[in-house]
Amino acid sequence: MDNKQKVREFVSRFVKGHDLGDGEDIFATGFVNSMFAMQLVQFVESTFGITVESDDMEIDNFRSIDAIAALVERKQGAAV
Amino acid sequence: MSALDAAVPPADAPAADDRLRTGLGAAQEAARRGFAAWVRREVAPFAGAWDRERRTPRSVVERMAAEGFLGAVVPAGLGGTGMDAVTFGLLNEELGRGCSSIRSLVTVHSMACHALVRWGSHAQKEAWLPRMARGELIGAFGLSEPDVGSDAGAIETTAELDGDAYVLRGQKKWTTYGQIADLLLCFAKTEGKPLALLVDLHAPGVTVTPLDVAGTRASMLAEITFDGVRVPRENRLAGAGFGLAVALSVLELGRYSVACGCVGILRACLDAAAAYAGTRVQGGSLIAEHQLVQAMLAEMATDYRAARLLCLHAGWLRDRGDPQAGREVFHAKHFASVAATRAALAAVQVHGANGLTDAYPVERYLRDSRVMEIIEGSTQIQQVTLGRWAVEEAAASGESGG
């Protein structure tokens, strides 16, 4: 399973009954609350072995499945 | 020494005994003894006076920094002590045994440090953590507001980006050690979503007003007002929507610290009640020989052990990075705080009218224990959360009983 598929699967647990597009704004769907942000950060750290820091904690980095996958790719690339 | 005292080894008992029963490593047990000795010498004899004076002397803060207590959660590479979670728990237990206000200082300061350790950029860590570990900067935690307690997502303080700074407006309340803190881990809303900022409490536009409460009276609580305070952009720990991620991770550390502090209260209640019962004569016999008094001591002694084991277990899980650590911290804090109140009530009862005077420490333990059931998640919030998790766990394992 590629990174984007893993992110898609995680987010779909919260956005139930809605077919979320990869570029769609997760926070604008109305399905997620403030706890979701924390769970999302924990998910990307534990799943992809990256460390999310203060500069990463911008809504633009987590706004969509595409954005999250791009953040993971960027962080994994930077770690190498 | 009563039979009950004999069952609980004194702080200077052979280390091997405690290791066998609690699983503590030799270094952890040695650290605990050091903490206990320091608290006996530097804290316990003065805690009642600090409570009455409603202040913590600056010299005590300086001595805590010199001991490395203020850098407990800061890595050694950044000037801290870099304690493992179990050792940090033991520090909180021993401090809590002597003075819950002093323990609260370690709690909130460590929460601010932890936010930087966990979420800070390299530059942010370098800028603040070494000075915080040395006690040159005291950190505090700013989430609660006059109208916002358990519902953290409802904070009303705002931070509006203006050029290279956020402009902060609003009010924080019940800020522990807010009267002496230099740096506040502050949560505010920007674009309607929570963010996390580190705020210099000496900046123009900050007003700190002392608050007086019935418990942890030396913890120098404050109400802090922000009237257009400019906070540099580089002081931001988390952007819009991610402030609560920082708050919740930091609160877990705070909850663990409070839970361990409650174990200290339990032990202090047990020690005080057992000692009093062993000297107080009524009807020609020591009240320790009265079975109804023994029943109270038995409950205290059992609660103390149970709370301590829950805390140690949570600490071990934190050290292992186990994802279940958060849940176990909730259990430990819930049990330990409720048990501390129970023990403090019983300790006062054992002392009779004497227990209601400040000639004995148990009335302070009772006032302090009430605080523990309110902070870092009230008892009722803990119950709701733990109850929900229990239901979810049963559903996930297919053991709904149907």
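Chain letters run A, B, ... following the sequence lines, proteins first and then strands; every chain starts at 1. A quick note: this is a predicted structure, and the numbers were derived from the prediction, not measured.
The contact between A240(B) and chain A is made entirely by backbone atoms, counting heavy-atom distances below 4.5 Å.
When the shell of 6.0 Å around CG of D2(A) is examined, it contains more than 12 heavy atoms from other residues, nucleotides or ligands. Counting heavy atoms of neighbouring residues, nucleotides and ligands inside a 6.0 Å radius, atom CD of Q5(A) exceeds 12 of them. Within 6.0 Å of the CD atom in Q383(B), the count of heavy atoms belonging to other residues, nucleotides or ligands exceeds 12. By the 6.0 Å contact criterion, CD on E73(A) is open, its count of non-hydrogen atoms from other residues, nucleotides or ligands being 12 or less.
The only member of H122(B), E234(B), R236(B), Q124(B) that meets side chain to side chain donor-acceptor pair (under 3.5 Å) when paired with S54(A) is Q124(B).
Below 30°, between 30° and 60°, or above 60°: for F62(A) and F242(B) the angle between ring planes is between 30° and 60°, a tilted geometry.
A distance of 9.5 Å separates CH2 of W119(B) from OG1 of T51(A), quoted to the nearest 0.5 Å.
Chain A forms more heavy-atom pairs under 4.5 Å with one residue of L116(B), L195(B), L237(B), V246(B) than with any other, namely L237(B).
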